[in-house]
Q: 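Encoded as structure tokens, here's the structure I'll be asking about.
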Amino acid sequence: MLEAAAAAVTAAQEALQAARRDLRTAVVASRQAGESIQHIARRTGLDPVVVRNILAVPPPPAAS
């Protein structure tokens with residue numbers, strides 16, 4: 001039971017990281033397409049400060 005719970009947490013963390021990468025990609029694309037931060041925030045349900053923070057984080061290094 002303990003091992004299964006630990007594996008589930010690891011899988012959930014990996015899924016969360018992937019979702020965050022996808023969100024960042026989508027937010028950056030929307031901003032590059034000319035959408036305002038406020039509009040992106042309304043579309044995503046995020047606070048505008050969170051959107052700005054997402055945009056302020058540099059992209060992760062390319063996988064080799």
Side-chain angles (χ1 to χ4, degrees):
M1 183 179 203
L2 179 59
E3 292 82 1
V9 167
T10 299
Q13 288 172 331
E14 291 170 359
L16 178 59
Q17 289 172 352
R20 285 182 174 155
R21 282 191 301 271
D22 292 347
L23 176 61
R24 184 189 186 287
T25 298
V27 167
V28 168
S30 293
R31 188 68 178 120
Q32 289 175 340
E35 289 188 44
S36 70
I37 289 174
Q38 291 75 16
H39 185 70
I40 295 168
R42 280 193 302 273
R43 288 183 61 200
T44 59
L46 298 171
D47 186 271
V49 172
V50 172
V51 174
R52 282 188 190 93
N53 288 341
I54 289 170
L55 292 167
V57 173
S64 47

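The first residue of the sequence shown is numbered 1, and numbering continues consecutively from there. We use all heavy atoms of the structure for the numbers below, so side chains are in, but hydrogens, waters and symmetry mates are not.
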Q: Got a second to check how far Asp22's CG is from Gln17's CD, nearest 0.5 Å?
A: 12.0 Å
Q: Any side-chain heavy-atom pair from Leu46 and Ile54 closer than 4.5 angstrom?
A: yes
Q: To the nearest 0.5 angstrom, please state how far the CZ atom of Arg43 sits from the OG atom of Ser36.
A: 10.5 Å
Q: Looking only at non-hydrogen atoms, find the nearest pair between Pro48 and Ile37 and report the distance.
A: O-CG2, 3.7 Å
Q: State the CG-CZ distance between Leu16 and Arg21, to the nearest 0.5 angstrom.
A: 10.0 Å
Q: Over all heavy atoms of both residues, which pair between Arg31 and Ile40 is shortest? Give the atoms and the distance, please.
A: N-CD1, 3.7 Å
Q: Thr25: what forms a side chain to side chain contact (heavy atoms under 4.5 Å, CB included) with it, not counting sequence neighbours?
A: none
Q: Partners of Arg20 by side chain to side chain donor-acceptor pair (under 3.5 Å), sequence neighbours excluded?
A: none
